[in-house]
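Comments concern the structure below.
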2 protein chains.
Amino acid sequence: MRYSHQREIISEIVHSTNSHPTADWVYGEVRRYIPNISLGTVYRNLKQLTDEGIIRTIYDGAVARYDWNRSPHDHLKCNVCGEMIDVQLPNDGLRRTVKDEYDFEVSDVEITLVGKCNKHA
Amino acid sequence: MRYSHQREIISEIVHSTNSHPTADWVYGEVRRYIPNISLGTVYRNLKQLTDEGIIRTIYDGAVARYDWNRSPHDHLKCNVCGEMIDVQLPNDGLRRTVKDEYDFEVSDVEITLVGKCNKHA
DNA sequence: GAAATAAATAGTAATAATTCCTATTATTAA
DNA sequence: TTAATAATAGGAATTATTACTATTTATTTC
């Protein structure tokens with residue numbers, strides 16, 4: 001993968017936020033720096049960055065979101081404010097359970113807890 | 001919600017499989033019984049059945065899948081054969097952890113373990 | 001049981017998110 | 001510096017899904 005200015009900016013933008021942005025939001029931000037960038041370029045680069053392991057793609061219902069946080073982690077999704085919060089939850093138990101009970105070889109764990117975050121006591 | 005033949009058949013089809021079918025697959029099946037049913041009718045009814053709690057909608061990446069199994073459960077997704085297997089995993093620990101550590105009020109737990117199922121030793 | 005009411009349908013157009021295509025531009029290797 | 005080719009912009013195409021509308025059908029009322 002050779003250098004491109006567009007990819008550099010896209011990567012920086014994803015790394016600049018904890019908001020798990022959508023492709024469309026990233027597109028809007030990149031245009032502040034590269035006004036005539038095309039949406040296809042944004043998608044292509046988000047995919048390439050994902051393939052290279054530089055960012056992660058997560059799915060929130062039907063839309064893709066992008067996450068700079070590559071370390072294994074889970075998400076809390078607040079139904080009230082829509083925010084998605086990174087958390088690290090223990091999953092050794094889950095892995096062991098499915099290995100023992102279903103003979104299933106786990107390569108990836110995806111946990112999302114939906115509910116109400118602490119901003120809405 | 002008043003009776004309709006179309007909804008009846010759609011519901012039966014979703015209940016007849018463990019394959020977590022997509023709307024498109026359901027559409028193909030329903031047409032064996034109602035050849036001129038429209039895709040919009042399938043989507044509308046799948047949504048209504050979901051709203052009524054008769055079936056569940058789950059997301060597999062970007063596509064919606066439908067599941068007759070309403071009891072709380074999780075999924076094992078096999079990367080080799082693509083199958084999605086229903087399992088019941090304990091999640092009391094997870095709930096307690098986020099309650100205690102993040103003051104997050106959980107209403108729903110979504111767990112998908114990705115890997116290799118026991119058909120591919 | 002027939003007419004009135006309104007929900008549901010078929011068929012099709014529209015939308016949203018994403019991918020694909022192609023002529024042109026830019027990066028890198030020699 | 002040039003040759004090779006990856007990446008781009010711009011737009012068309014695709015896929016999944018929702019919206020619209022005239023017509024049909026299930027239910028309600030008399």
Side-chain angles (χ1 to χ4, degrees), chain A residues 1-14 17 19-67 75 77 82 84 110 112, chain B residues 1-14 17 19-67 75 77 82 84 110 112:
Chain A
M1 193 169 61
R2 79 183 184 188
Y3 175 86
S4 95
H5 180 52
Q6 286 82 343
R7 187 182 306 120
E8 188 78 7
I9 302 289
I10 289 167
S11 180
E12 275 172 22
I13 284 169
V14 174
T17 178
S19 70
H20 306 81
T22 62
D24 210 59
W25 185 89
V26 173
Y27 178 52
E29 289 298 301
V30 187
R31 276 201 290 187
R32 292 164 53 177
Y33 305 96
I34 310 173
N36 68 332
I37 194 170
S38 85
L39 185 54
T41 297
V42 174
Y43 273 105
R44 180 166 18 79
N45 279 296
L46 288 170
K47 174 173 283 182
Q48 284 174 314
L49 291 167
T50 299
D51 291 345
E52 297 288 316
I54 295 163
I55 63 174
R56 271 177 48 171
T57 301
I58 59 178
Y59 284 97
D60 173 22
V63 290
R65 292 178 172 276
Y66 302 90
D67 191 347
H75 295 103
K77 187 183 175 190
M84 213 178 248
E110 291 168 15
T112 300
Chain B
M1 193 169 62
R2 80 182 183 191
Y3 174 87
S4 95
H5 180 53
Q6 286 81 343
R7 186 183 305 121
E8 189 77 8
I9 302 289
I10 289 166
S11 180
E12 275 173 23
I13 284 169
V14 174
T17 179
S19 70
H20 305 81
T22 62
D24 209 60
W25 186 89
V26 174
Y27 178 52
E29 288 299 301
V30 186
R31 277 202 289 187
R32 293 165 51 177
Y33 304 95
I34 310 173
N36 68 332
I37 194 171
S38 87
L39 185 55
T41 297
V42 174
Y43 272 105
R44 179 166 20 77
N45 279 295
L46 287 170
K47 175 174 281 181
Q48 284 175 313
L49 290 167
T50 300
D51 291 345
E52 297 288 315
I54 294 163
I55 63 173
R56 271 177 47 169
T57 302
I58 58 178
Y59 284 97
D60 173 21
V63 290
R65 291 178 173 275
Y66 302 90
D67 191 347
H75 294 103
K77 186 182 175 189
M84 211 176 249
E110 290 168 15
T112 300

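Naming: A, B, ... by sequence-line order, numbering from 1 per chain. Owing to the predicted nature of the structure, the values given are computational and were not obtained by experimental measurement.
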In short, R7(B) meets Q48(B) closest at the heavy-atom pair NH2-OE1, 3.2 Å
For V42(A) and A23(A) the tightest heavy-atom approach is CG1-O, 3.9 Å
dA10(C), OP1 or OP2 - any side-chain N/O from Q6(B) closer than 4.0 Å? yes
For L49(A) and dA7(D), give me the distance from atom CG to atom C1', rounded to whole Å. 13 Å
Can you check whether V14(A) reaches L46(A) side chain to side chain, under 4.5 Å on heavy atoms? yes
Give the nucleotide from the list dA10(C), dA9(D), dA7(D) with an atom nearest to the side chain of S38(A). dA9(D)
Contact between H75(B) and H20(B) at the side-chain level, heavy atoms closer than 4.5 Å - yes or no? yes
Difference in axis direction between the ends of the helix from dG1(C)-dC30(D) to dA30(C)-dT1(D), five pairs, 10°: 30°
Between C1' of dT5(D) and CE of M1(A), the distance in whole Å: 16 Å
Could you run through nucleotides 12-30 of chain D and give me one letter per nucleotide, 5' to 3': B if any protein heavy atom sits under 4.0 Å from the base, S if only the sugar-phosphate is that close, - if neither? ----SBB------BBS---
Steps toward side chain to side chain contact (heavy atoms under 4.5 Å, CB included) verdict (W25(A), I13(A)): CA-CA 10 Å; W25(A) 185 89; I13(A) 284 169; 4.0 Å; yes
Gap between atoms CD and C1', on E52(A) and dA6(D) respectively (whole Å): 13 Å
Atom CD of E8(A) and atom C1' of dA6(D) are separated, to the nearest Å, by 16 Å
Find out whether M84(B) and I58(B) are in side-chain contact, i.e. whether some heavy atom of one side chain is under 4.5 Å from a heavy atom of the other. yes
Provide, to the nearest angstrom, the distance between the CG atom belonging to L46(A) and the P atom belonging to dA7(D). 14 Å
From I10(A) atom CD1 to E12(A) atom CD, the distance as rounded to the nearest 0.5 Å: 11.0 Å
According to side chain to side chain contact (heavy atoms under 4.5 Å, CB included), who are the partners of E52(B), at least two apart in sequence or on a separate chain? M1(B), I54(B)
How about I37(A) and I9(A): do any of their side-chain heavy atoms sit closer than 4.5 Å? no
Ignoring backbone atoms, establish whether N45(B) has a side-chain N or O less than 4.0 Å from OP1 or OP2 of dT9(C). yes
May I have the distance from R31(B) (atom CZ) to dA10(C) (atom C1'), rounded to whole angstrom? 13 Å
For D60(A) and dT18(C), what is the distance between atoms CG and C1' respectively, to the nearest whole Å? 16 Å
